[in-house]
Amino acid sequence: MNFYERVYELVRRIPAGKCASYGQLALMLGNPRASRAVGYAMRACRTPGVPCHRVVRADGSTTPAFGPGVQRAMLEAEGVPFTADGRVELGGCRWDGA
DNA sequence: AAGCTGACGATGC
DNA sequence: CGCATCGCCAGCT
């Protein structure tokens, strides 16, 4: 079903300054339990235009495998609020899905 | 065709 | 509150 392709389009719709969690994307795809599959698709993120750095974990923590702080830097550069914990403040940047 | 792996999520301890 | 385990789906070997 080209799951990853669908994920790409969804992530591509994420506006700058906002973030979405894997579970959130999976939910939009119709598979709320496919968070792993979503992450798998992101892992193959070879497609430019897909801001995979805007996709964070459900708790707002940045992806550990992305970089030692690279993702955080990109999000902060886009105006994404970060907590002192080093996590994305989803309460202020959580993407509605519009 | 079957099994293993993986950028996750939630629950249990 | 922090760490560990189980369950989920899709893709790859």
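Here is how names work: the chains are called A, B, and so on, in the same order as the sequence lines, proteins then strands, and each is numbered from 1.
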Item to complete: Could you tell me whether the side chain of A:R36 has a donor or acceptor atom within less than 3.5 Å of a complementary atom in the base of B:dC8?
Response: yes
Fill in: hbond_proxy A:Y40 side chain to B:dA7 base (donor-acceptor, 3.5 Å cutoff)
no
Between [N] atom [atom2] and [X] atom [atom1], what is the distance in whole Å?
X	N	atom1	atom2	value
A:L25	C:dA10	CG	P	15 Å
A:L10	B:dA7	CG	P	21 Å
A:E5	C:dA10	CD	P	15 Å
A:F3	B:dG6	CZ	P	19 Å
A:M42	B:dT5	CE	C1'	18 Å
A:Y4	B:dT5	OH	P	23 Å
A:R43	C:dG11	CZ	C1'	9 Å
A:R6	C:dC9	CZ	C1'	15 Å

Worksheet item: Has A:R43 got its NZ or CZ under 6.0 Å from the middle of the six-membered ring of A:Y40, at an angle within 45 degrees of the ring axis?
Response: yes
Worksheet item: Of the nucleotides C:dC9, B:dG9, B:dC8, which one has an atom closest to the side chain of A:S21?
Response: B:dG9
Worksheet item: Has A:N31 got a side-chain N or O lying under 4.0 Å from the OP1 or OP2 atom of C:dA10?
Response: yes
Item to complete: Please check the phosphate of C:dG7 (OP1 and OP2 only) for any side-chain N or O of A:R33 closer than 4.0 Å.
Response: no
Worksheet item: Taking side chain as C-beta onward, heavy atoms only, is A:R54 less than 4.5 Å from A:W95?
Response: no
Worksheet item: Hey, does A:E5 have a side-chain heavy atom less than 4.5 Å from the side chain of A:T47?
Response: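 No, every pair of side-chain atoms sits at 4.5 Å or beyond.
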Worksheet item: At their closest point, which heavy atom of A:P32 faces which heavy atom of A:L27, and how far apart are they?
Response: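 Of all heavy-atom pairs spanning A:P32 and A:L27, the closest is CB-CD1, 3.5 Å.
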Worksheet item: Which part of the nucleic acid, if any, lies within reach of A:A34 when heavy atoms closer than 4.0 Å are counted: base, sugar-phosphate only, or nothing?
Response: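 Sugar-phosphate contact only - A:A34 comes under 4.0 Å of backbone atoms but never of a base.
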Worksheet item: Is there a donor in the side chain of A:T83 and an acceptor in the side chain of A:D85, or the other way round, less than 3.5 Å apart?
Response: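 Note: A:T83 and A:D85 side chains miss the donor-acceptor criterion.
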